[in-house]
Amino acid sequence: MLTLPEIANLIRAEEQEDSHFIQLTSNETLMSPLAQSVLASPLGNRYLLEHGDMRQNSPSRLNGFIYRGLDRVNAIEQSAVEVCESLFSAKYVEFRCLSGLHAMQTTMASLTEPGDLIMRFGTADGGHFATETIIKLFGRRSCCYAFDRERLTIDLEGTAALVAKEKPKLLYLDAMNYLFPFPIRELREIVGDVPILYDASHTLGLIAGGQFQNPLQEGADILQANTHKTLFGPQKGIILSNNRELMERISYNLSQGLVSSQHTASLLSLCIALHEMKDHGAEFSKQIIDNAQFLAAEIAAQGLPVLARTDGQHTQNHHFFINLTGITSASHAMEKLLRAHISVHRGVPFRNVDALRVGVQEATRHGYTRADFQQIAKWIGDVVLRGVPPESIAPQAQALASGRQQILYCDATLNVTGPLWAPAQATPTAPRPNIERPQLAEGRWVDFHKKDDAFQLEGEDLLALRDLGAYAATFPNQTDATGNLSIRQPDGVVVTTSGSYIKHLEPWNFVRIEAAADDLIDYSGRGIPSSESLMHYLIYQTTTAGAVAHMHYLLSNQEAADLDVALVPPQEYGSIQLARSVANACAKRDIVYVQKHGLIFHGRDTAACRARIADFIAYKSKQFQAQASA
């Protein structure tokens, strides 16, 4: 067992050795000192819950969990959302995924159902190693694109035939070894309305810099990625889209069960990287492409076979492949290059291709020159082809790596050597701005005043609400802790208690609201009123309704267009603002949809309310039958 001092020494030694390698791996990145330092911020100890457009300033809320919020972090995150809109042409952004694989799991779980068929790249055609396993674990099925191995891209004619035959529910562009853009516009024509999911983990920074295809502009519905390859951010995930319906599914599922805290320090680091990309991304990504194409050509000039498509081009990406099939083992070659202090990958990017994968994004940020890359190409040729002992090259490679430790494409004035924060007794190296704490919002939630325990629902009203609850509980997003019901009585409003399972209601699962004024509700009963009690109360104040049912559900664009539904933008759960917005919408429509939340039905009594729900379910059934027969 190691001691803590021994662990500290090992970390320092590993960091020192890492700085002595020429880093040409394609799946890693180099963060700026500012983005790197914030990963050690004490704010990393704090939770940051819920999507930004549902999260208000402190105190913040996720469902029934209320905690001290991070108001300044909220402001930083919102600024990063605006940056993403500029860089990726995306209206909707999700920062909460913890990694690229987490983003992959989230999108596949949210956009498909068990048994659905997902089209993906075969691993022999450059597909991601984890895709098929995740698909199987989630109870989905998969088929693969037809692939043109000469042109290193999708065979559109063959894929069109497969789409017509297999009828996939999702097209996933999950390639990890791609070198050139994909024919997204052509795929969109082939699949019609089937969602297209594009994984840009390798090219996210190139897209941001305008040096690679912009998937959202060319027809993809969802752009997802990790944030630590050509985007010089932390190891985290991101999801972007312009499709409200699909992003609501993704955000809802993240909030309800796919993530808790999104890791605050990593978010801050990502926000910094995105702002740096806004300022420097165009120049950085252009230099990446120039360096990748130059180094590939130089290595080819050494006599090594660099993988190319039929027109002779090696790459339009940040990486390329040295095909050592039939020459030597790529694993053996990689091991020798590591001894020469040159770090690359070995892999099998395509069928029967044993290759070294070389990426230049990190060397580009370190400021490697063309002369440097010429020398690196010669060293690779010497080691792999000409049998030069790696140990004879190692001192020169180490000297080059040690001399290229600067970090470019960031604000030099923020290249601090220590954390942004400092102990109270220390003197900051530069004055920090005096940022006023945002004011707390007044009257965000209603307060409850319990008058007595006397109330308990009985008789026909109990039976009617039990029937309504059992019916409403059939909606797919309902759980045993979501949804609430109410009825109007002569002496008040009866509403379900917080945490009630509306599928199985007992007499003590109800309270009676006897009065409500401003932000205070007087009630009678044994339980705690639902957090949406004010919403129910105000609906009765603004309509002639006799019964209200609210359940969690995510409305599709088609459903919103076909049905007479009022739309309410995303708002904080249980807030007075949400209650007022819904009540105003109910005055105009019998069905209201709160985005990223759920539906509210109301009618003159429980039977009328149930009938409206029945009409909605019947519509859904017809919709499903039409889709099944298509």
Test your reading of the model: is there a side-chain donor-acceptor pair from [X] to the backbone of [Y], 3.5 Å cut-off?
X	Y	result
N214	L216	yes
H602	I591	no
S581	Q577	yes
R188	V194	yes
T107	M104	yes
D452	S524	no
K236	F95	yes
E82	S86	no
Q456	P507	no
R55	L49	yes

For residues [X] and [Y], report the shortest heavy-atom separation together with the two atoms involved.
X	Y	result
G527	V511	O-CG1, 3.8 Å
W445	G574	CD1-O, 3.5 Å
I207	A200	CD1-CB, 3.7 Å
I576	D519	CD1-CB, 3.7 Å

With a 3.5 Å cut-off and no angle check, do the side chains of [X] and [Y] form a donor-acceptor pair?
X	Y	value
H128	Y172	no
R96	S255	yes
H275	S79	yes
R512	Q489	no
T131	R120	no
S251	Y92	no
N226	S99	no
D562	Y619	yes

Quiz item: cation-pi between R612 and F601, 6.0 Å / 45°
no
Within the structure provided, determine whether [X] and [Y] are in side-chain contact (heavy-atom separation under 4.5 Å).
X	Y	result
H51	L254	no
P234	T227	yes
T496	F510	yes
Q595	E248	yes

Could you check whether the rings of [X] and [Y] sit parallel, tilted or perpendicular, using 30° and 60° as the cut-offs?
X	Y	value
H504	Y501	perpendicular
H597	Y573	tilted
F121	F182	tilted
F616	F475	parallel

Rounded to the nearest 0.5 Å, what separates atom [atom1] in [X] from atom [atom2] in [Y]?
X	Y	atom1	atom2	answer
I238	H102	CD1	NE2	14.0 Å
L240	D221	CG	CG	13.0 Å
S60	M54	OG	CE	12.5 Å
L534	I539	CG	CD1	10.0 Å
N584	R580	CG	CZ	9.5 Å
L554	H552	CG	NE2	9.5 Å

Would you please name every residue forming a side chain to side chain contact (heavy atoms under 4.5 Å, CB included) with E113, sequence neighbours left out?
D116
Verdict with supporting geometry, L555 and L567, side chain to side chain contact (heavy atoms under 4.5 Å, CB included)
CA-CA 10 Å; L555 197 73; L567 296 179; 4.3 Å; yes
Taking it one step at a time, do R140 and L170 satisfy side chain to side chain contact (heavy atoms under 4.5 Å, CB included)?
CA-CA 11 Å; R140 277 68 168 169; L170 175 70; over 6 Å; no
Between E189 and R185, does at least one N-O distance fall below 4.0 Å, as a salt bridge requires?
no
Lys/Arg-Asp/Glu bridge criterion (N-O < 4.0 Å) met for R589, D564:
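Between D564 and R589 there is a salt bridge, with a charged N closer than 4.0 Å to a carboxylate O.
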Checking T497 against I528 for the side chain to side chain contact (heavy atoms under 4.5 Å, CB included) test, could you report, in this order, the C-alpha distance in whole Å, the side-chain angles of both residues, the deciding distance, and whether it holds?
CA-CA 5 Å; T497 56; I528 304 169; 5.6 Å; no
Among D199, L223, T203, which residue satisfies the side chain to side chain contact (heavy atoms under 4.5 Å, CB included) criterion with P215?
L223
Please list, chain by chain and in numerical order, all residues satisfying side chain to side chain donor-acceptor pair (under 3.5 Å) with S241, sequence neighbours excluded.
none
Using side chain to side chain contact (heavy atoms under 4.5 Å, CB included), reason through L268 and I76 one step at a time and then give a plain yes or no.
CA-CA 8 Å; L268 290 170; I76 294 168; 3.8 Å; yes
